[in-house]
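Inspection log for the structure reproduced underneath, given as structure tokens.
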Amino acid sequence: MNVLLLGSGGREHALAWKIAASPLLTKLYASPGNPGIGSVAELVKLDMSDHSAVAAFSREKKIDLVVVGPEGPLVAGIADDLRAWGIRVFGPSKAAARLEGSKGFTKDLCAKFNIPTAAYGRFGDLASAKAYVEKTGAPIVIKADGLAAGKGVTIAMTLEEALAALEACFEGAFGTAGAEVVVEEYLTGEEASFFCLCDGATALPFGTAQDHKRVGDGDTGPNTGGMGAYSPAPVMTAEMTERTMREIIEPTMRGMANLGAPFAGILFAGLMITDSGPKLIEYNTRFGDPECQVLMMRLKDDLLVLLNAAVDGQLAHMSARWSDEAALTVVMAARGYPGTPEKGSVIRGLDEAAGGGAEIFHAGTAINGGALVANGGRVLNVTATGATVGEAQRRAYAAIDHIDWPQGFFRHDIGWRAVEREKAGA
Ligand code: AMP
Ligand code: GLY
């Protein structure tokens, strides 16, 4: 098979790495990719917003499957457009990608199909949103409805913060994504990322992970796209997984089919495990980044076979096998992230770092004058496996010790919650 992978982050490097291991693969192309992806794929420059250009390339190179990494093109309808041109695509339709593209859409779906989630209100103007917040009080959560690159959520611990967040949204801090706002109940519990591979009718559980959103050690500082992750998530016991499938995922699959928008692709449920069970925080319609990196390290089966089954509606006949080992990834970011990262600093020592068995996925790198340089906020994902999360953690940090990049930084406590659990259990 010839495969075209769209995207350029650590998630896409992990997908490329796993697709490249498939005996089904003839040739892998990636656009725009990055230098890490370039070690397993031919990099091409396509404008992802120009769907007809992607289609023309796919025809010319006889692409059998297009795999879409990020949410932007999915929400913009790239899967529909490519399919209309007769090209096979892994990724949801525009109508199904509303699960990520509109938080209000997902909340209404939950209400209609009785899916456990935080109580909420949807507002198109400041006055009515303010009135709701003043009535419910803080803590409360304010969310821009649309895609805001992970920045549209405010956890307001006071009424003043909540009102300020509403004003910022309606004043255009998130552009059109904030023209509508979802206000919701503040949930407490432990968070988990839960993935399902979906073919429109069947949802196949596809691994669990825990992410670390805050930039600093001890979960301090501003939110990021994710500073590290590990898999599996200990809180997702067999019982919790079964409840999540029955109470959240299966009603979503039925509900989307009911609305004429069956979901095919990766469904990523952000869950809060509360005292009364799992509640949906939000859906994403793609793999998580950096969660994908740890999932790919643990997946024993051929990813390309599974993606094909999802595209062909054959998941009812499939299973996915996972390594018993834990996997953990530490994000190395460029100074300044999540604000404006410094670009261009030289990174050395990756071969030495990978020597001990770690996989180093590139997230934001470039080649400049023959040297590997930082070219984004999140730059490298240093990933390792181990019999326990603690062992995977030690191996990932041991690999980082070999990386010579003074302008980079990382959290020192990725996996802390699971490691504490392991210690308590030992
Ligand atoms: P998001 O950018 O939508 O992934 O949300 C960012 C983070 O905000 C989530 O990972 C949660 O930690 C937190 N969050 C979102 N909604 C709620 C909620 N209703 N209650 C508590 N925390 C929330
Ligand atoms: N790591 C969270 C996300 O991909 O949205």
Side-chain angles (χ1 to χ4, degrees), residues 7 9-12 14-15 69-72 74-75 99-107 110 116-121 133 136 138-157 161-162 165 169 174 177-178 181-195 207-215 219-231 233 235 266-276 278-296 329-331 333 338 361 363 377-378 381 411 414 417:
R11 165 181 55 209
E12 286 77 20
L15 291 173
E71 63 277 14
L74 294 169
V75 171
L99 284 174
E100 176 159 6
S102 168
K103 295 190 191 296
F105 170 82
T106 297
K107 297 301 284 189
C110 289
T117 188
Y120 76 108
V133 165
T136 41
I140 194 155
V141 181
I142 312 290
K143 299 183 172 182
D145 180 77
L147 293 185
K151 297 194 172 93
V153 175
T154 303
I155 312 289
M157 299 315 285
E161 279 174 78
C169 265
F174 308 110
V181 165
V182 170
V183 179
E184 59 179 52
E185 171 198 3
Y186 174 72
L187 298 174
T188 54
E190 187 169 342
E191 281 185 61
S193 302
F194 184 77
F195 297 85
T208 65
Q210 260 163 349
D211 188 10
H212 296 62
K213 294 237 184 224
R214 302 298 193 103
V215 75
D219 292 328
T220 55
N223 259 327
T224 69
M227 292 300 290
Y230 56 94
S231 173
V235 71
I266 273 284
L267 187 60
F268 163 5
L271 301 176
M272 188 71 88
I273 308 304
T274 70
D275 290 342
S276 59
K279 290 196 177 179
L280 181 71
I281 298 178
E282 60 163 5
Y283 275 130
N284 298 301
T285 59
R286 47 158 178 92
F287 280 105
D289 188 345
E291 290 94 328
C292 183
Q293 290 79 316
V294 284
L295 294 183
M296 291 306 112
T329 189
V330 180
V331 172
F361 296 118
R378 295 188 293 175
N381 308 141
R411 274 183 64 161
I414 300 303
R417 211 187 272 275

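Since this is a predicted model, take the numbers as computed values, not measurements. In listed order, ligands and their atoms are each counted from 1. Atoms considered below: every heavy atom in the structure, side chains included; atoms not considered: hydrogens, waters and symmetry mates.
- If you look at E291 next to ligand 2, the close heavy atoms, those under 4.0 Å, all belong to the side chain.
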Verdict with reasoning, F287 to M296, per side chain to side chain contact (heavy atoms under 4.5 Å, CB included) = CA-CA 10 Å; F287 280 105; M296 291 306 112; 4.0 Å; yes
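- Between E191 and ligand 1, a contact under 3.5 Å exists for at least one N or O pair.
- Taking every heavy atom of K213 and a limit of under 4.0 angstrom, the matching atoms of ligand 2 come to 2 (C).
- Within the listing of ligand 1, atoms 3 (O) sit less than 4.0 angstrom from a heavy atom of K103.
- Considering CD1 of I266 and CG of L74, their distance stands at 11.5 Å, rounded to 0.5 Å.
- The main-chain N or O of R214 is never found under 3.5 Å from a side-chain atom of T224 such that the two would form a donor-acceptor pair.
- Between the side chains of S193 and E291, at least one donor N or O sits under 3.5 Å from an acceptor N or O.
- Those atoms of ligand 2 with a heavy atom of R286 less than 4.0 angstrom away are 3 (C), 4 (O), 5 (O).
- Side-chain contact check for Y283 and E100: no donor-acceptor pair (N or O, by modelled atom type) lies under 3.5 Å.
- With ligand atoms numbered from 1 in the order given, ligand 2 contributes 1 (N), 2 (C) to contacts under 4.0 Å with heavy atoms of D211.
- Polar contact check, L187 against ligand 1: a nitrogen or oxygen pair lies under 3.5 Å apart.
- Between the side chain of Q210 and the main chain of E191, a donor-acceptor pair closer than 3.5 Å is present.
- Of the possible polar contacts, none joining the T154 side chain to the A156 backbone as a donor-acceptor pair under 3.5 Å is found.
- A salt bridge links D219 to R411: at least one charged side-chain nitrogen sits closer than 4.0 Å to a carboxylate oxygen.
- The F268 neighbourhood of ligand 2 comprises atoms 3 (C), 4 (O), 5 (O), with distances under 4.0 Å to a heavy atom of that residue.
- Close N/O approach between G225 and ligand 2 is found [any backbone or side-chain N/O within under 3.5 Å].
- Every atom of ligand 1 is numbered from 1 in the order shown, and the set under 4.0 Å from a heavy atom of I155 is 8 (O), 13 (C), 14 (N), 22 (N), 23 (C).
- The shortest heavy-atom contact between V235 and A192 is CG1-CB, 3.8 Å.
- Of all non-hydrogen atoms in S276 and K279, the two that sit nearest each other are OG-CE, 3.9 Å.
- With a 4.0 Å cut-off on non-hydrogen atoms, D211 does not touch ligand 1 at all.
- Of all atoms in ligand 1, listed by their number and element, those nearer than 4.0 Å to a heavy atom of E184 are 16 (N), 17 (C), 18 (C), 19 (N).
- With atom 4 (O) of ligand 1 as the reference point, the heavy atom nearest to it among E185, K143, K279, E282 is part of E282.
- Contact annotation for F287 and ligand 2: no heavy atom of the residue comes within less than 4.0 Å of the ligand.
- Contact atoms of ligand 2 toward G288: 4 (O) (distance under 4.0 Å to a heavy atom of the residue).
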